[in-house]
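All heavy atoms count here, side chains included; hydrogens, waters and symmetry mates do not. Computed from a prediction, not measured in an experiment: that's the story for all the values here.
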Amino acid sequence: MKKIFKFLLLFSIICFSVYSKDLKKEITISAAASLKEVMNELILKFQEENEDIQINLNLGGSGALKNQIIGGAPVDIVFFASQSDLDDLNSKGLVENNFHKNILKNRMVIAGQKEITSLEEILNHKIAIGTPETVPAGKYAKEILINEKLWDKIQNNLIFSKDVRSAMQYVELSEVDFAFIYKTDAKLLKNSKISYVIPENLHKPIIYSYGIIKDKASDETIKFYEFLSSQEAQKYYEKYNFEMAEK
């Protein structure tokens, strides 16, 4: 009888654990690759205080993530390194009304092994940038080079990457001489450094935007959405050198 009781008790505990796991509300957020470290910390903090909610993180270039959502990917929240990508989703009716906002600012820099004093110095060197059509950092890099009248001169030396972190890896592994990355990414550099801080007047402001996808505004999703713009979350953004867009 005792053995049967122990077996039933153990079986009940296992069933309860499985049942409790099934009760968890899962939320999927697709976020720009440049948000990787800060998002991991924010998710950990949120889940410590909301054990009944499981956050799944999908990272990539903002343009590629946008195309996934247009294609029907099961996503609840998006967090882009580009205001225009969120605006594009919104214009297609894919973002919930009143649940989207601009939140962060960033800056562009060039990473490399040595410091330079002007963009002309990267000519005749291998340079990594994100693919402009799908990677906001690549789009900003192209805009910068066009404004400096260097885009046509530099074409044969460009290496295109799937996202800004991949561009950073190219320069970290010395596969290229320079890479266009965000200032926040520079915090992760180990084998290279900031070679040049790009003047902000050479490109449009780098604004990060986020929002809830259409028909995904559950209580849990709204709770996480609001947490991402809370005073508590702001401390994490600033830890990784992001600036708040509203300041």
Side-chain angles (χ1 to χ4, degrees), residues 29-42 57-66 78-86 102-113 115-116 119 122 127-148 150 158-173 175-210 228 233-247:
I29 177 168
S30 284
S34 54
L35 291 164
K36 179 181 178 180
E37 286 73 23
V38 69
M39 283 307 306
N40 281 335
E41 289 205 35
L42 286 170
L57 177 62
N58 178 38
L59 296 165
S62 295
L65 296 175
K66 178 189 72 175
V78 291
F79 202 148
F80 293 149
S82 166
Q83 181 180 350
S84 62
D85 282 316
L86 189 66
N102 299 331
I103 183 169
L104 303 176
K105 289 173 60 179
N106 211 337
R107 294 194 63 176
M108 290 295 295
V109 301
I110 292 177
Q113 300 297 325
E115 292 184 12
I116 58 175
L119 284 168
I122 66 174
I127 303 141
I129 71 170
T131 303
E133 291 75 21
T134 56
V135 182
K139 183 179 179 180
Y140 294 125
K142 181 177 180 179
E143 182 183 2
I144 290 162
L145 291 168
I146 288 174
N147 287 335
E148 284 289 272
L150 298 175
L158 292 178
I159 304 296
F160 296 103
S161 64
K162 65 177 183 177
D163 55 47
V164 69
R165 289 298 174 83
S166 298
M168 184 181 75
Q169 283 302 309
Y170 278 128
V171 77
E172 282 281 86
L173 296 173
E175 294 179 5
V176 298
D177 302 306
F178 298 102
F180 281 78
I181 65 173
Y182 292 122
K183 180 182 177 182
T184 50
D185 294 314
K187 188 178 180 69
L188 304 174
L189 294 174
K190 295 179 180 178
N191 301 318
S192 50
K193 60 183 180 181
I194 293 178
S195 299
Y196 185 70
V197 178
I198 297 168
E200 290 184 283
N201 64 343
L202 291 179
H203 59 83
K204 294 178 181 177
I206 301 173
I207 304 296
Y208 285 62
S209 302
Y210 81 113
L228 289 174
Q234 182 174 333
K235 297 174 184 176
Y236 289 91
Y237 297 131
E238 292 175 346
K239 173 183 175 181
Y240 287 95
N241 293 336
F242 285 101
E243 300 175 27
M244 303 308 295
E246 61 188 27
K247 286 186 177 181

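- By the 4.0 Å N-to-carboxylate-O rule, E41 lies too far from K235 to be salt-bridged with it.
- Within the 4.5 Å cutoff, the side chain of L188 has heavy atoms near those of the R165 side chain.
- Ring-centre distance between Y208 and F242: below the 6.0 Å cut-off.
- Checking side-chain atoms of E172 against main-chain N and O of K190 turns up a donor-acceptor pair under 3.5 Å.
- I129 has its side chain out of reach of Y170: every pair of non-hydrogen atoms, C-beta onward, lies at least 4.5 Å apart.
- I206 is not listed as a side-chain neighbour of E243, based on a closest heavy-atom distance of 4.5 Å or more.
- Between the side chain of E143 and the backbone N or O of K204 there is at least one donor-acceptor pair closer than 3.5 Å.
- Residues V78 and L65 are not in side-chain contact: their nearest non-hydrogen atoms beyond the backbone lie 4.5 Å or more apart.
- Taking every heavy atom of both residues into account, P205 and Y140 meet most closely at O-OH, 3.7 Å.
- Heavy-atom minimum distance, Y237 versus L228: OH-O, 2.6 Å.
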Pair E115-K193, side-chain contact (heavy atoms from CB on, under 4.5 Å): steps then yes or no: CA-CA 8 Å; E115 292 184 12; K193 60 183 180 181; 4.1 Å; yes
Verdict with supporting geometry, L42 and M39, side-chain contact (heavy atoms from CB on, under 4.5 Å): CA-CA 5 Å; L42 286 170; M39 283 307 306; 4.2 Å; yes
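- Side chains of R107 and V197 form a contact here, defined as non-hydrogen atoms less than 4.5 Å apart.
- A128 approaches V176 most closely through the heavy-atom pair CB-CG2, 3.9 Å.
- How far CG of D85 is from NZ of K66: 4.5 Å, rounded to the nearest 0.5 Å.
- Side-chain contact between H203 and K139 is absent, with no heavy-atom pair separated by less than 4.5 Å.
- Considering all non-hydrogen atoms of both residues, V164 and F180 come closest at CG2-O, 4.1 Å.
- Contact of the I144 side chain with the I110 side chain is not registered, since no non-hydrogen atoms from C-beta on lie closer than 4.5 Å.
- Atom CG in D177 sits 8.0 Å away from atom CD1 in I127 (nearest 0.5 Å).
- Distance alone, capped at 3.5 Å, places no donor-acceptor pair between the Y240 side chain and the L35 backbone.
- Judged by distance alone, with hydrogens and angles left aside, the side-chain atoms of S62 form a donor-acceptor pair with the main-chain N or O of A81 at under 3.5 Å.
- For the atom pair NZ of K183 and OG of S34, the computed distance is 14.5 Å after rounding to the nearest 0.5 Å.
- Side chains of T184 and N241: a donor-acceptor N/O pair is absent below 3.5 angstrom, by distance only.
- Here L119 contributes atom CG and Y196 contributes atom OH; the two are 5.0 Å apart, rounded to the nearest 0.5 Å.
- S161 places no side-chain N or O within donor-acceptor distance of the main-chain N or O of S166, the cut-off being under 3.5 Å.
- The distance from atom OG1 of T131 to atom CD1 of I159, rounded to the nearest 0.5 Å, is 11.0 Å.
- Two residues are said to be in side-chain contact when any heavy atoms from C-beta on lie closer than 4.5 Å; P132 and F160 meet this criterion.
- For the residue pair D163 and G61, the shortest heavy atom distance occurs at CB-N, 4.0 Å.
- Rounded to the nearest 0.5 angstrom, Q83 CD and L104 CG are separated by 12.5 Å.
- Side chain of Y182 to main chain of A137: a donor-acceptor pair is present (N/O by atom type, distance under 3.5 Å, no hydrogens or angles).
- Judged by distance alone, with hydrogens and angles left aside, the side-chain atoms of N147 form a donor-acceptor pair with the main-chain N or O of L202 at under 3.5 Å.
- In terms of modelled atom types and a separation under 3.5 Å, the side chain of Q113 and the main chain of N191 share a donor-acceptor contact.
- Of all non-hydrogen atoms in A111 and L189, the two that sit nearest each other are CB-CD1, 3.9 Å.
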